[in-house]
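Atoms considered below: every heavy atom in the structure, side chains included; atoms not considered: hydrogens, waters and symmetry mates.
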Amino acid sequence: MSRRATVILASCLALAGILAGVGAYAVLRTKGSPRQTAAAFLSAWEQNDYAAMSALTVAPPPDLAASLTATRTALGVTKAGYRLGTVRGGRAPFTATLTLKGIGDWTYQGELTLAKRDRRWRVVWSAATIHPRLREGQHLAIKAIWPRRGAVVDAAGSRIDVPGVSGSVQQLVGLVGPATAADLKRLGSPYKKGDLVGHGGIEQAMERRLAGTPTTAVRIVDQSGRPVATLHTIPGRPGATIRTSLDPRIQAAAARAITSQGKPAALVALRPSTGQILAVANQPGGFSRALLGHYPPGSTFKVITAAALLADGLSPADRIQCAKTANIGGRLVRNFEHEEFGAIDFRTAFAKSCNTAFATQATQRLTRQQLAAAARQFGFNTPLTPGPPAARSSFPLPSDLVEFAAASFGQARVSVTPLSMAGVAAAVQAGAWRPPRLVISPALPHQARTVALNPAVDANLRSMMTAVVTSGTAASAHLPAGTAGKTGTAEYGTGAKPPTHAWFIGYRGDLAFAVIVEGGGTGGDVAAPLAATFLRAAG
């Protein structure tokens, strides 16, 4: 072999050796960096991606996901953030900020240990990965020390969350007792079994404000639950006092007015100028008919139909027919007790509560959308947030002419609460519908907006509601001077002559109210006299 060939062969062998070495390095070198692995691990931890965390861990324990889930649950973690520090070798410090439900933020310093495995950087898992002071067999827990619960008081500042208050007030306020499993599911951390929580009424609806925030210790505990160390203490805040607009004198008058009833009844009173609830009475207890009961409003709804007709141009003095029956869409509409008044003015038709007149005028002069719009002006289909739970009143758009006729005098699918109907009377008195509210401090969010009524329409409504009391269906009730209102006899159930709820809604001065007696009969004979008793006692 020539010297030139020998040199070329040697060069080729050397190049092959270099290439082989480069290839071996490329195959055997560690991929990635400690920082990349630590950043990916913490990112997965923030997102509760336990599968990704396991993939980045040396020999991950089979219970890694269960352990981390248990920690989040025990602490009530709603959000977690992990910020990586400066990585040196196999140590990656991080700052953890955990948001604990109902408590606040807890920030601590942790550290990941990393090692090379299978030519990749991975996290070496231990209990200390969760917190540097945690050891195997231990876990994190919180100990909550609750402050004194806030009081619920009436408008005069007297407590109404104490023994001795009337059943209606107690029902409105609710009770306080040990947390049930359902309570714990609903409230979550920091509540534990045995903690006192509100059940029903204001106590439940405003639990977080009344309970305050506990002083909370984040602790390490052993397998038997004994504390090992306290890692952090988050100071709490006392429960807030809930001030209501309940007027003790008016509340007592409302309760006395309906207690003589052998049938279930409810009475709600409002201050029209503010929308504040002054009294809520239910007879018997066990269910808040006043705030949650749904009923057909019967002829009390004619206040709203009258508002729509007045806005459309019908005058209280205009002559209309009050026939014994009216055939509308093939369905016969009748008056109560088959009454017939012939040609009368609109004011008298309202005062005498003529169904045939209202059904005829509504279906001939209005569209279904106009009546629905009038109902919205008086708070129908609007969520109510007075403090304790309260149902909204509903006016579904009538599906046909027959349903439209029935809806015009408060039947068909129209469904109301006594609270909402007290709001209708209050709107007429004040010239604007205001969302009813019982809790006046602290201020409640998400209140519906006030809706002003047409001043001319409202003036006519006040005149017509006065006529109901002076010469109409409520005249025999001998209501105090200055009272205006509307009776209602609302059919429910089935049969040739179905049973009826007795209604009366009205106002006197800056006091509006609604009374209902379930299955009570007629509004003028039963509900209006109860309203008279209430108003005389309320002063």
Side-chain angles (χ1 to χ4, degrees), residues 245 250 267-280 290-291 295 297-312 316 347 350 358 366 370-386 390-395 407-410 414-438 447-469 474 482-488 503-516 523 531 535:
S245 54
I250 296 176
L267 193 157
V268 183
L270 304 174
R271 180 173 288 121
S273 59
T274 63
Q276 292 176 357
I277 299 172
L278 305 177
V280 178
L291 304 186
Y295 307 94
S299 291
T300 60
F301 189 81
K302 288 173 182 169
V303 174
I304 294 167
T305 306
L309 290 169
L310 290 166
D312 190 63
R347 179 183 286 103
F350 182 87
F358 268 78
L366 302 175
Q370 281 178 291
L371 190 55
R376 285 195 299 273
Q377 280 193 306
F378 287 88
F380 277 65
N381 302 333
T382 299
L384 303 180
T385 54
R392 75 177 77 181
S393 286
S394 173
F395 183 85
S408 71
F409 53 91
V414 185
S415 180
V416 303
T417 67
L419 173 63
S420 289
M421 294 314 294
V424 170
V428 175
Q429 194 279 342
W433 179 84
R434 291 180 171 85
R437 56 195 181 103
L438 180 69
Q447 289 289 303
R449 64 184 181 89
T450 297
V451 180
L453 304 183
N454 179 304
V457 167
D458 190 49
N460 285 326
L461 286 175
R462 288 198 294 270
S463 170
M464 293 163 70
M465 289 177 71
T466 298
V468 170
V469 173
T483 304
K486 182 69 190 77
T487 58
W503 280 98
F504 186 69
I505 68 172
Y507 61 84
R508 183 171 182 260
D510 200 15
L511 177 64
F513 56 87
V515 183
I516 185 172
L535 290 173

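Here CZ of Phe301 is found 12.5 Å from NZ of Lys486. Values are rounded to the nearest 0.5 Å. Once rounded to the nearest 0.5 Å, the distance linking CG of Leu310 with OG1 of Thr305 reads 10.5 Å. The CD1 atom of Ile505 sits 5.0 Å away from atom OG1 of Thr300, with the distance rounded to the nearest 0.5 Å.
Between Phe504 and Val469 the shortest side-chain heavy-atom distance falls below 4.5 Å. The closest side-chain heavy-atom distance from Leu511 to Leu535 is below 4.5 Å. Contact of the Thr382 side chain with the Pro435 side chain is not registered, since no non-hydrogen atoms from C-beta on lie closer than 4.5 Å. Residues Val416 and Phe380 form a side-chain contact, since some pair of their non-hydrogen atoms from C-beta on lies under 4.5 Å apart.
Applying the side chain to side chain donor-acceptor pair (under 3.5 Å) criterion to Gln377, with sequence neighbours excluded, gives no partner residue. Annotation: side chain to side chain donor-acceptor pair (under 3.5 Å) contacts of Ser408 (sequence neighbours excluded): none. Applying the salt bridge (charged side-chain N to carboxylate O under 4.0 Å, His left out) test to Arg376 and every residue at least two apart in sequence or in another chain returns nothing. Residues meeting the side-chain contact (heavy atoms from CB on, under 4.5 Å) test with Asn381, sequence neighbours left out: Ser394, Phe395. Legend: residues meeting side chain to side chain donor-acceptor pair (under 3.5 Å) with Thr417, ordered by chain and number and at least two apart, are Ser420. With sequence neighbours left out, the side chain to side chain donor-acceptor pair (under 3.5 Å) criterion links Ser415 to His294. Take Gln370 and apply the side-chain contact (heavy atoms from CB on, under 4.5 Å) test, not counting sequence neighbours, and it matches Asp312, Leu366, Thr367. Every residue two or more places apart in sequence or in another chain that forms a side-chain contact (heavy atoms from CB on, under 4.5 Å) with Ala427 is listed here: Phe378, Trp433, Leu453. The ring pair (Phe, Tyr, Trp, His ring centres under 6.0 Å) test applied to Tyr295 returns His501, not counting sequence neighbours. Residues satisfying the side-chain contact (heavy atoms from CB on, under 4.5 Å) test with Ala306, not counting sequence neighbours, are Phe346, Phe350, Phe358, Leu461, Met464.
Side chain of Gln429 to main chain of Arg508: no donor-acceptor pair is present (N/O by atom type, distance under 3.5 Å, no hydrogens or angles). Within the 3.5 Å criterion, the main-chain N or O of Pro272 finds a donor-acceptor partner in the side chain of Arg434.
Every pair tested for salt bridge (Lys or Arg N to Asp or Glu O under 4.0 Å) that includes a residue from residues 418-432 fails, sequence neighbours excluded, so the list is empty. Applying the side-chain hydrogen bond (donor to acceptor under 3.5 Å, both in side chains) rule to pairs touching residues 449-458 yields Asp458-Arg462, sequence neighbours excluded.
Ala512 and Ala422 make their closest contact through CB-O, 3.9 Å (heavy atoms, listed as atom of the first residue, atom of the second, distance). Nearest heavy-atom pair across Ala514 and Pro418 is CB-O, 3.3 Å. Residues Pro297 and Gly410 share a closest heavy-atom pair of CD-O, 3.2 Å. For the pair Leu270 and Ala426, the tightest heavy-atom approach, listed with the atom from each and the gap, is CD1-CB, 4.1 Å. When all heavy atoms of Leu384 and Pro436 are compared, the pair lying nearest together is CD2-CD, 3.9 Å.
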Hey, mind stepping through Val280 and Leu419 against side chain to side chain contact (heavy atoms under 4.5 Å, CB included) and telling me if it holds?
CA-CA 9 Å; Val280 178; Leu419 173 63; over 6 Å; no
Can you list the steps and then say if Ser245 with Arg437 is a side chain to side chain contact (heavy atoms under 4.5 Å, CB included)?
CA-CA 8 Å; Ser245 54; Arg437 56 195 181 103; 5.9 Å; no
Going through the checks in order, is the side chain to side chain contact (heavy atoms under 4.5 Å, CB included) test met by Phe513 and Ile250?
CA-CA 11 Å; Phe513 56 87; Ile250 296 176; over 6 Å; no
